[in-house]
Amino acid sequence: YRDFWTVRIGVGPGVLIPRADSETLLEVAVTQCPPPRRILDLGTGPGTLLLAALAQWPAASGVGVDASQTALDYARRNAAALGCADRAQFRLSNWGEGIEEQFDLILCNPPYIGTDEPLMAEVAGHEPGEALFAGADGLAEYRRIVPDLPRLLAPGGGAILEIGWTQREAVAALGEVAGLTVSAHRDLGGRDRALLMRS
């Protein structure tokens with residue numbers, strides 16, 4: 001397991017292990033966004049961001065999507081362990097495909113490592129490549145996710161995406177092309193870590 005935000009997330013083979021840097025997304029949501037009623041977690045993995053958000057906002061409910069059935073199995077078990085299975089729905093899907101409703105808050109920690117970038121041994125040896133790598137420049141999944149955000153965001157809603165620390169300009173440009181306003185936020189180490197995109 002890993003402790004993340006205020007929740008404990010069960011993890012194991014086949015899922016991305018939560019990291020403290022990703023808590024930046026929750027910090028931005030709490031400080032920059034109104035309390036959400038409906039939350040979407042794109043690439044939910046073991047449910048990390050969605051379940052942390054549901055713990056933060058007890059009146060909210062949400063949907064977590066992932067392309068890995070293994071990850072979704074962990075997510076469902078974690079939701080049950082945290083007592084919020086009645087507020088969390090998990091779906092097998094590629095990003096926003098098949099999602100028809102709109103959400104007040106969208107959270108997303110997509111793969112953003114370039115295929116030729118070096119990795120720490122503990123990451124390379126234990127975590128699924130599909131949760132890490134995103135084409136030669138690390139931007140392949142953002143190119144799929146960001147153009148779909150205006151359709152998925154409720155009026156006044158915000159999407160918060162984790163980024164690699166060198167990717168702020170490139171991912172922000174995708175958001176601006178999609179008609180979104182973008183602000184960057186740093187992690188505790190002072191590196192760009194999250195982009196807030198509003199419709």
Side-chain angles (χ1 to χ4, degrees), residues 1-29 39-58 60-99 103 105-135 138 140-142 144-145 160-165 167 187-189 191 193-194:
Y1 68 83
R2 283 288 189 274
D3 290 323
F4 181 88
W5 199 244
T6 64
V7 296
R8 178 160 286 183
I9 299 294
V11 296
V15 295
L16 186 70
I17 297 170
R19 290 179 176 75
D21 285 345
S22 299
E23 292 184 355
T24 307
L25 279 70
L26 273 299
E27 293 170 5
V28 173
I39 302 165
L40 175 63
D41 181 8
L42 293 171
T44 193
T48 305
L49 293 173
L50 177 61
L51 297 175
L54 294 179
Q56 180 72 37
W57 293 288
S61 62
V63 177
V65 301
D66 205 284
S68 165
Q69 188 61 61
T70 298
L72 293 175
D73 290 343
Y74 278 98
R76 291 187 181 101
R77 288 196 295 270
N78 285 326
L82 292 167
C84 60
D86 59 329
R87 296 191 290 131
Q89 179 186 23
F90 294 100
R91 302 183 195 172
L92 188 68
S93 178
N94 287 307
W95 307 123
E97 289 178 11
I99 303 292
F103 296 85
L105 176 64
I106 298 174
L107 300 168
C108 182
N109 179 12
Y112 56 75
I113 298 172
T115 48
D116 294 329
E117 290 182 48
L119 287 178
M120 294 179 292
E122 63 267 26
V123 175
H126 299 285
E127 299 196 48
E130 62 269 22
L132 300 170
F133 296 107
E141 302 308 322
Y142 296 114
R144 298 175 62 194
I145 296 163
I160 306 170
L161 284 72
E162 182 164 332
I163 58 169
W165 66 278
Q167 295 174 324
D187 60 24
L188 292 175
R191 292 182 160 186
R193 182 61 58 192

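Note that the structure is predicted; figures quoted are calculated from it, not measured. All heavy atoms count here, side chains included; hydrogens, waters and symmetry mates do not. The chain is numbered in sequence order, starting from 1.
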Completion exercise
So CG of Asp21 and CG of Asp187: to nearest 0.5 Å the spacing works out to 4.5 Å
Problem - Enclosure of Arg77 CZ (heavy-atom neighbours >12, cutoff 6.0 Å) - result: yes
Practice task
Measure across Glu162 and Ser22 and return the closest heavy-atom pair with its distance rounded to 0.1 Å.
Solution key: OE1-OG, 2.6 Å
Handout entry: Heavy-atom side-chain proximity of Glu23 to Arg193 below 4.5 angstrom
Key = no
Exercise for the section: Check for a donor-acceptor pair, side chain of Asp66 on one end and backbone N or O of Gly45 on the other, with a separation under 3.5 Å. Expected result: yes
Considering only distance and modelled atom types, tabulate donor-acceptor pairs under 3.5 Å from the side chains of residues 69-76, sequence neighbours left out.
{"residue": "Gln69", "atom": "NE2", "partner": "Asp73", "partner atom": "OD1", "Å": "3.2"}
{"residue": "Arg76", "atom": "NH2", "partner": "Phe90", "partner atom": "O", "Å": "3.0"}

Handout entry: Residue pair Gly164 / Tyr142: nearest heavy atoms and the distance that separates them
Key = N-OH, 4.2 Å
Handout entry: Within 6.0 angstrom of Leu188 CG, more than 12 heavy atoms from elsewhere
Key = no
Completion exercise
Partner of Ile160 under side-chain contact (heavy atoms from CB on, under 4.5 Å), picked from Val28, Thr24, Leu26, is Val28
Problem - Nearest-0.5 Å distance that lies between atom CG in Asn78 and atom CG in Leu51 - result: 6.5 Å
Practice task
Locate the shortest heavy-atom distance separating Leu50 from Asp41; write the atom from each residue and the value.
Solution key: N-OD2, 3.1 Å
Exercise for the section: Mind checking the CG-CD1 spacing from Leu42 to Ile106? Nearest 0.5 Å is all I need. Expected result: 6.0 Å
Exercise for the section: Please collect all salt bridge (charged side-chain N to carboxylate O under 4.0 Å, His left out) contacts where either partner lies in residues 42-51, sequence neighbours excluded, each pair once. Expected result: none
Problem - Straight-line distance of Gln167 CD to Leu161 CG, nearest 0.5 Å - result: 10.5 Å
Handout entry: Considering all heavy atoms, the nearest Arg19-Phe4 contact
Key = O-CE1, 3.4 Å
Exercise for the section: Would you confirm whether Arg87, through its side chain, and Leu54, through its main-chain N or O, come within 3.5 Å as a donor-acceptor pair? Expected result: yes
Practice task
Could you tell me which non-hydrogen atom of Ala29 sits nearest to which non-hydrogen atom of Leu105, and how far apart they are?
Solution key: CB-CD2, 4.0 Å
Handout entry: Verdict with reasoning, Glu141 to Trp95, per side chain to side chain donor-acceptor pair (under 3.5 Å)
Key = CA-CA 9 Å; Glu141 302 308 322; Trp95 307 123; 2.8 Å; yes
Exercise for the section: Report yes or no: does Arg91 contribute a side-chain atom to a donor-acceptor pair with the main-chain N or O of Gly64 at less than 3.5 Å? Expected result: no
Practice task
Could you please spell out the steps behind the side-chain contact (heavy atoms from CB on, under 4.5 Å) verdict for Thr48 and Trp5?
Solution key: CA-CA 9 Å; Thr48 305; Trp5 199 244; over 6 Å; no
Practice task
Working to the nearest 0.5 Å, report the span between CD1 of Ile39 and OG1 of Thr44.
Solution key: 11.0 Å
Practice task
Indicate the atoms forming the closest heavy-atom contact of Pro46 with Val15, along with that distance.
Solution key: CD-CB, 4.2 Å
